There are 2 protein chains.
Amino acid sequence: MYICPMYSSELLKGTLKTIVLNLLKDNGRMYGYEITQRVKDLTAEKIQITEGALYPTLHALESQGELQTEEVFIGKRVRKYYTLTEKGQSTAKEKVNELVDFMNTMKFLLDLEPRTGNG
Amino acid sequence: MYICPMYSSELLKGTLKTIVLNLLKDNGRMYGYEITQRVKDLTAEKIQITEGALYPTLHALESQGELQTEEVFIGKRVRKYYTLTEKGQSTAKEKVNELVDFMNTMKFLLDLEPRTGNG
DNA sequence: TTTGCATACATAACATTCTTATGTATATTT
DNA sequence: AAATATACATAAGAATGTTATGTATGCAAA
């Protein structure tokens, strides 16, 4: 049985906040576990966000005023929903733009395609 | 005067080895300082490889058998040229493929373009 | 000629950002 | 009843950078 390989994990570094902010921008509100599953599904398990990385990141984004939370009881269990603040919405856009620009620069640097309008 | 901003440095993490291996694949042989300048020039200073990151990386790649060195005297100064070993050549290709695949997955995940043939 | 900047290597202390491991608890499926 | 999935959280450790520092040569400008 073939196991689709994950990326060597260093590549993910630095992109986690961008992924989280962008998912929340597209989906309105999500809770932590849901984010891990959504990313796994969307990437055919190539990118798996670990809980040890995600929860501290969510807490950091909240304390920086990018996210706000809402606790909802599902039976006896608390589920913590996150939504973007206004600040978070503009940060999301900036982060995505920066990442796209970075990827274009990388493709040019790796001699994979001509430079597009990002010099 | 406008200063073209660098990327927030986390993004570079994990891509340094790929950059180095690919530059050597394209250019035959290069020395450390030359690599920092080439990257700076090619990216309009958006990506600046620090020496504190580069030299340890070069040493690691050499000790892993990806690179071999050749010392050349320029006047009284030693310059250390690096070239890819055979292992390094195949690693270079793998690393670039992985990075390209990762970037495509990221663009899909960020809902920027339809998935291409990498699922 | 000496002052500063560029070239060219190197390493160590520190910061950031993950992974791995562990803990707690409820809900659902077998 | 046991295993798996859901759902949160934190701590120790690893990996990979930045910043600071050190050494030394070469060259250009004041």
Side-chain angles (χ1 to χ4, degrees), chain A residues 5-21 29-41 45-64 66-67 69-82 95 99 102 106, chain B residues 5-21 29-41 45-64 66-67 69-82 95 99 102 106:
Chain A
M6 280 185 56
Y7 300 114
S8 59
S9 59
E10 326 95 67
L11 287 180
L12 192 64
K13 289 207 179 186
T15 63
L16 182 52
K17 283 183 185 171
T18 307
I19 291 172
V20 168
L21 290 170
R29 66 173 210 176
M30 300 180 83
Y31 54 98
Y33 187 76
E34 186 183 13
I35 291 174
T36 66
Q37 299 307 304
R38 184 70 58 87
V39 170
K40 201 168 96 174
D41 290 348
E45 305 196 11
K46 282 180 172 182
I47 296 178
Q48 297 199 29
I49 295 179
T50 62
E51 294 178 298
L54 180 64
Y55 289 115
T57 294
L58 288 172
H59 302 162
L61 288 172
E62 187 186 5
S63 79
Q64 289 159 25
E66 313 279 3
L67 305 181
T69 59
E70 183 189 350
E71 299 199 344
V72 175
F73 273 88
I74 306 294
K76 287 181 185 173
R77 199 156 50 187
V78 178
R79 185 183 284 171
K80 218 164 151 185
Y81 278 98
Y82 290 85
K95 284 272 192 185
L99 181 52
F102 176 77
M106 278 300 302
Chain B
M6 280 184 57
Y7 300 116
S8 60
S9 58
E10 320 93 65
L11 287 180
L12 192 64
K13 288 206 179 186
T15 63
L16 182 53
K17 283 183 184 170
T18 307
I19 291 172
V20 168
L21 291 169
R29 67 173 208 175
M30 300 180 84
Y31 54 98
Y33 186 77
E34 186 184 12
I35 292 175
T36 65
Q37 299 306 305
R38 185 70 57 89
V39 170
K40 201 168 96 174
D41 289 349
E45 305 197 11
K46 283 180 173 182
I47 297 178
Q48 296 200 29
I49 295 178
T50 62
E51 295 178 297
L54 180 63
Y55 290 116
T57 294
L58 288 171
H59 302 164
L61 288 172
E62 186 185 5
S63 79
Q64 289 159 24
E66 313 279 4
L67 304 182
T69 60
E70 182 189 349
E71 299 200 344
V72 175
F73 273 87
I74 305 294
K76 288 180 182 173
R77 200 156 49 186
V78 179
R79 186 184 282 172
K80 218 164 152 186
Y81 278 98
Y82 289 87
K95 284 272 192 185
L99 182 52
F102 175 77
M106 277 300 302

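What you see below is based on every heavy atom in this structure, not just the backbone, and it leaves out hydrogens, waters and symmetry mates. Protein chains get the first letters and strands the later ones, always in sequence-line order, with residue 1 at the start of each. Remember, it's a predicted structure, so these values are computed and weren't measured experimentally.
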Compare side-chain N and O positions of [X] against OP1 and OP2 of [N] and report whether any pair is under 4.0 Å apart.
{"X": "A/His59", "N": "D/dT10", "result": "yes"}
{"X": "B/Tyr55", "N": "C/dA10", "result": "no"}
{"X": "A/Tyr33", "N": "D/dC8", "result": "no"}
{"X": "B/Lys13", "N": "D/dT18", "result": "no"}

Output the rounded distance in Å from [atom1] ([X]) to [atom2] ([N]).
{"X": "A/Met30", "N": "D/dT6", "atom1": "CE", "atom2": "P", "value": "14 Å"}
{"X": "A/Asp41", "N": "D/dT6", "atom1": "CG", "atom2": "C1'", "value": "14 Å"}
{"X": "B/Gln37", "N": "C/dA6", "atom1": "CD", "atom2": "P", "value": "10 Å"}
{"X": "A/Leu16", "N": "C/dT19", "atom1": "CG", "atom2": "P", "value": "8 Å"}
{"X": "A/Lys40", "N": "D/dA7", "atom1": "NZ", "atom2": "P", "value": "13 Å"}
{"X": "B/Ile49", "N": "D/dT19", "atom1": "CD1", "atom2": "P", "value": "15 Å"}
{"X": "B/Leu11", "N": "D/dG17", "atom1": "CG", "atom2": "C1'", "value": "12 Å"}
{"X": "A/Gln48", "N": "D/dA5", "atom1": "CD", "atom2": "P", "value": "13 Å"}

Determine whether B/Met30 and B/Arg38 make a side-chain contact, defined as any pair of heavy atoms from C-beta on separated by less than 4.5 Å. yes

Taking all non-hydrogen atoms of both residues into account, name the closest pair between [X] and [Y] and its distance.
{"X": "B/Leu11", "Y": "B/Thr15", "answer": "O-CG2, 4.1 Å"}
{"X": "B/Tyr81", "Y": "B/Tyr31", "answer": "CE2-CD2, 3.5 Å"}
{"X": "B/Glu10", "Y": "A/Gly14", "answer": "CB-CA, 3.5 Å"}
{"X": "B/Glu62", "Y": "B/Tyr82", "answer": "OE1-CE2, 4.3 Å"}

Got a donor-acceptor contact below 3.5 angstrom from the A/Gln37 side chain to the A/Glu34 backbone? no

How does each nucleotide of nucleotides 22-30 of chain C score, in 5' to 3' order, for protein heavy atoms under 4.0 Å: base (B), sugar-phosphate only (S), or none (-)? ----BS---

More 5' along DNA chain C: B/Tyr82 or A/Thr50, using each one's nearest nucleotide?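 Comparing both residues, the 5'-ward one is B/Tyr82.
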
Report the residue (B/Ala53 or A/Lys17) whose heavy-atom-nearest nucleotide on DNA chain C is the more 5′ of the two. B/Ala53

Of the candidate nucleotides D/dA15, D/dT6, C/dC9, which contains the atom at the shortest distance from the side chain of B/Lys80? C/dC9

Atom pair CD1 (B/Ile47) and CD1 (B/Ile49), whose distance is rounded to the nearest 0.5 Å: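 Between atom CD1 of B/Ile47 and atom CD1 of B/Ile49 there are 7.5 Å.
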
Using a heavy-atom cut-off of under 4.0 Å over every strand shown, decide if A/Gly32 touches base, sugar-phosphate, or nothing.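 The answer is sugar-phosphate, as A/Gly32 gets under 4.0 Å only of primed atoms, P, OP1 or OP2.
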
